[in-house]
K.L.:
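Pasting a structure here, questions to come.
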Amino acid sequence: MSLTQPTHSTQSLIQLEHLCKSYSLQDAHGHTITTQVLHQIDLTIRQGEFVAIMGHSGSGKSTLMNILGCLDTPTSGSYWLSGRNVATLSSNELAQIRNRNIGFVFQGFNLLKRMTALDNVATPLLYAGISRSKSRQQALEFLRRTGLEDFAMHQPNQLSGGQQQRVAISRALINHPSLILADEPTGNLDTQTSNDIMQLFEQLNRDQGITIILVTHENDIAAYAKRLIHLKDGRITIDNDTTAAAPLHEAE
Amino acid sequence: MNLSAIFGEALRALRQNRLRTGLTMLGMIIGVAAVVLMLSIGQGARTKINETIAAMGSNLLLVVPGAMSSGGFSFGSGSVRTLTINDAHAIAELASIRATAPVTSGTVQLNYAAKNWSTLITGTTPEYFEVGNWTMESGTAFTESEVRSAARVVVLGSITAKNLFGDEEPVGKTIRITNRPFLVVGVLMAKGQSLTGRDQDDNVFVPISTSERQITGNQFPGSIRYMLVQGASANEMDIAEIEITQLLRQRHRIPNGKDNDFTVRNLTAIADVATDAAKIMSIVLGAIASVSLLVGGIGIMNIMLVSVTERTREIGIRMAIGANQRAILTQFLLEAMMICIMGGLIGLIIGIGGAWLVSQVADMLIVITVGMIGLAFLFSSAVGIFFGFYPARKAASLKPVDALRYE
């Protein structure tokens with residue numbers, strides 16, 4: 001019932017309705033080949049959730065992540081983020097949403113090369129129109145919270161993988177986003193460092209109520225999340241949405 | 001993101017690639033330096049020609065004998081002595097004419113003390129110095145009465161004076177011209193080369209009567225080599241030319257249908273041709289130099305395109321953390337413009353330095369104007385915007401997801 005009559009309550013941060021994504025490629029003979037990556041995805045994620053999206057490579061989980069992060073647009077269907085239909089937004093508005101509302105953490109860290117950790121963390125603030133000196137001040141504060149104060153003036157290639165990922169997390173957090181998207185954040189890290197990073201996410205979710213969506217194919221990493229979504233061939237096969245299931249039963 | 005922050009990011013990007021920035025800038029430096037150097041040489045040449053024309057005197061006509069034809073044969077101008085001193089006097093009476101100066105000339109040997117010097121001698125009247133815009137460095141020109149009495153007085157050109165007298169004051173001294181004593185009454189100020197490249201300062205001037213009777217001699221008494229005529233006003237030069245022609249035809253009794261036995265040349269027109277030639281030269285020089293600026297600009301576009309491709313991932317990261325298209329476009333455009341403007345400034349300095357060097361080594365007049373500096377600056381920023389825009393737009397129009405995925 002909630003699917004046919006979507007309610008864009010303040011509670012639901014993300015709401016996907018019949019979301020489809022397909023890519024068109026031209027082959028050598030000029031024929032267009034369309035590959036559908038996501039099929040009719042319906043999904044609701046509420047503020048404060050900690051969700052792990054799992055699936056094999058090619059299952060469409062990265063594509064879904066890119067659409068959720070406003071880096072890519074769906075072919076059809078709608079995506080409501082905080083009550084706004086993303087499909088209707090201009091590229092400037094999308095850039096602003098990426099800047100203010102979403103923090104990204106990538107597998108390969110994606111820090112800007114030959115730039116200090118401090119400046120990497122401060123850059124989103126610059127794009128938000130805050131002065132360089134103020135940005136740096138705030139960035140230092142965020143580095144202090146992740147325990148990297150002493151490495152502020154180091155460049156990414158002078159930091160370990162775990163340190164780089166913590167710089168990336170600081171950068172993701174600096175604009176106080178309501179949503180953090182982490183695409184295989186521990187893929188390049190050893191087990192110990194992976195656990196440290198996951199504990200950091202867990203803590204952010206618990207203490208600050210930040211919504212975290214995580215893509216992984218490792219079960220022990222996914223175990224940190226409260227909700228598990230499995231994707232297979234572009235469709236959701238498993239969704240143990242415990243929080244949503246309870247009120248639904250009560251209503252019946 | 002505010003402009004100063006983007007400026008900082010652009011500057012940082014340029015610093016990160018010092019070698020590439022430097023090499024790209026070099027194209028701009030050479031281009032702007034070449035333009036400045038060429039413009040200053042061209043401007044220098046024009047200024048020099050204008051000075052020469054001003055020194056030549058204004059509203060000048062040159063009347064030379066010749067162009068006479070006889071039975072189908074035509075002789076070259078100057079081949080016969082058809083002009084006389086009396087012709088000059090008659091022309092001077094015309095309303096459209098201010099003054100005339102008849103001239104005879106030859107080559108003579110001068111002696112003063114132990115020194116001797118061979119040079120040109122010009123026999124003329126006092127009007128010559130007035131018409132030719134000469135000024136005296138010391139002494140005076142010879143007078144009308146000295147012409148009438150064929151007095152042995154001489155006015156020296158500045159180079160001749162220097163060669164004979166060195167630092168000694170020549171006025172009041174006596175020199176020998178072909179072994180006859182002449183009193184030096186004046187020395188002329190230096191004037192430099194004429195439009196035809198002749199040195200006008202190695203010369204001596206004596207009254208035309210003295211020259212004819214005592215020095216060069218004359219096969220046809222009273223005839224002259226040419227005369228300088230100064231018109232009364234710049235607007236009536238055409239009228240003056242016609243009146244001279246009519247008067248001389250009448251005086252020489254040339255029937256209708258026969259060719260003139262003299263030629264009237266407008267020296268102002270010759271000066272105009274020289275000015276035009278200098279103008280064309282500076283345009284050609286500027287155009288050639290502009291090609292190197294264009295090549296520099298294309299080099300910048302090339303490097304910026306490579307840079308966009310190479311930094312695709314960086315662009316993707318910036319977009320993911322909130323850079324909008326305008327911020328990316330502005331950053332890349334600023335990078336190109338900074339290369340151009342910095343290159344332009346360095347090029348300007350080198351261009352000015354080069355111009356100074358040329359003026360020292362080649363002893364040429366070099367003129368650098370504020371307009372030229374402004375032009376170079378404007379041109380280099382325009383090149384930056386023009387050649388930087390396409391790569392910048394290419395960077396800004398990347399899709400975030402594609403840019404991030406780029407390996």
Side-chain angles (χ1 to χ4, degrees), chain A residues 21 23 62-63 65-73 90-116 119-136 155-156 168 170-175 177 181 183, chain B residues 1-22 303 306-335 338 392-407:
Chain A
K21 179 71 186 180
Y23 293 101
S62 285
T63 304
M65 213 49 171
N66 287 333
I67 291 174
L68 289 176
C70 300
L71 294 167
D72 205 352
T73 47
S90 70
S91 78
N92 267 351
E93 289 169 316
L94 292 176
Q96 197 174 15
I97 285 178
R98 290 195 295 267
N99 185 232
R100 311 273 167 92
N101 305 15
I102 302 173
F104 291 93
V105 180
F106 302 94
Q107 178 178 8
F109 318 129
N110 272 349
L111 296 174
L112 294 170
K113 278 179 271 179
R114 283 186 263 185
M115 214 159 138
T116 61
D119 284 334
N120 260 292
V121 176
T123 308
L125 288 178
L126 293 179
Y127 285 117
I130 292 163
S131 77
R132 192 172 286 274
S133 60
K134 267 192 185 163
S135 301
R136 282 196 173 142
Q155 295 191 350
S170 303
R171 181 179 69 184
L173 289 172
I174 195 150
N175 262 336
L181 296 175
D183 192 353
Chain B
M1 193 182 207
N2 52 34
L3 198 63
S4 76
I6 300 178
F7 187 82
E9 295 297 302
L11 196 65
R12 187 211 304 274
L14 292 182
R15 279 213 202 107
Q16 281 172 3
N17 259 308
R18 279 170 207 276
L19 182 65
R20 190 163 71 186
T21 305
I303 291 294
V306 171
S307 177
V308 167
T309 309
E310 203 184 85
R311 287 156 65 191
T312 301
R313 203 180 174 81
E314 180 199 320
I315 295 164
I317 296 169
R318 287 182 183 276
M319 284 176 162
I321 60 176
N324 57 22
Q325 292 187 339
R326 178 179 290 267
I328 300 290
L329 182 99
T330 311
Q331 180 179 337
F332 278 86
L333 199 55
L334 275 177
E335 283 182 28
M338 272 192 261
R393 207 190 53 182
K394 199 179 166 201
S397 59
L398 285 168
K399 277 176 70 180
V401 62
D402 296 333
L404 264 177
R405 214 185 279 147
Y406 187 84
E407 293 299 327

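Per chain, numbering begins at 1; letters A, B, ... match sequence-line order. These values consider heavy atoms only, across backbone and side chains, with no hydrogens, waters or symmetry-generated copies.
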K.L.:
Below 4.5 Å from any heavy atom of chain A, which atoms of Arg15(B) appear? Answer side chain, backbone, both or neither.
P.N.:
neither
K.L.:
Looking only at heavy atoms, which two atoms of Asn92(A) and Gln325(B) are closest? And how far apart?
P.N.:
OD1-N, 4.2 Å
K.L.:
Report the distance from atom CG of Asn110(A) to atom CZ of Arg313(B), rounding to the nearest 0.5 Å.
P.N.:
4.5 Å
K.L.:
Write down the atom of Leu71(A), the atom of Pro400(B), and the distance for their closest heavy-atom approach.
P.N.:
CD2-CB, 3.7 Å
K.L.:
Under 4.5 Å from any heavy atom of chain B, what part of Arg100(A) do you find: side chain, backbone, both or neither?
P.N.:
neither
K.L.:
Let me confirm one number: the CG-CG distance from Asn66(A) to Leu404(B), rounded to the nearest 0.5 Å.
P.N.:
7.5 Å
K.L.:
Answer with side chain, backbone, both or neither: which region of Asn175(A) has an atom nearer than 4.5 Å to a non-hydrogen atom of chain B?
P.N.:
neither
K.L.:
Tell me, with the steps shown, if Arg132(A) and Glu9(B) meet side chain to side chain contact (heavy atoms under 4.5 Å, CB included).
P.N.:
CA-CA 11 Å; Arg132(A) 192 172 286 274; Glu9(B) 295 297 302; 3.2 Å; yes
K.L.:
Could you report the tightest heavy-atom contact between Ala323(B) and Ala95(A), atom names first, then the distance?
P.N.:
O-CB, 3.8 Å
K.L.:
Return the minimal non-hydrogen interatomic distance between Asn99(A) and Gly322(B), and the atom names on each side.
P.N.:
CB-CA, 3.4 Å
K.L.:
Should the heavy atoms of other residues, nucleotides or ligands under 6.0 Å from CZ of Arg12(B) be counted, would the total exceed 12?
P.N.:
yes
K.L.:
Please classify the contact of Ile102(A) with chain B as side chain, backbone, both or neither, using a heavy-atom distance under 4.5 Å.
P.N.:
neither
K.L.:
With rounding to the nearest 0.5 Å, note down the distance linking CD in Gln16(B) to CE in Met115(A).
P.N.:
7.5 Å
K.L.:
About how many Å separate OG of Ser91(A) and CE of Met319(B), when rounded to the nearest 0.5 Å?
P.N.:
8.0 Å
K.L.:
Within this structure, what is the CD1-OH distance for the pair Ile328(B) and Tyr127(A), rounded to the nearest 0.5 Å?
P.N.:
4.5 Å
K.L.:
Going by heavy atoms in the side chains, are Glu314(B) and Leu112(A) under 4.5 Å from each other?
P.N.:
yes
K.L.:
What distance do Asp72(A) atom CG and Asp402(B) atom CG have between them, rounded to the nearest 0.5 Å?
P.N.:
7.0 Å
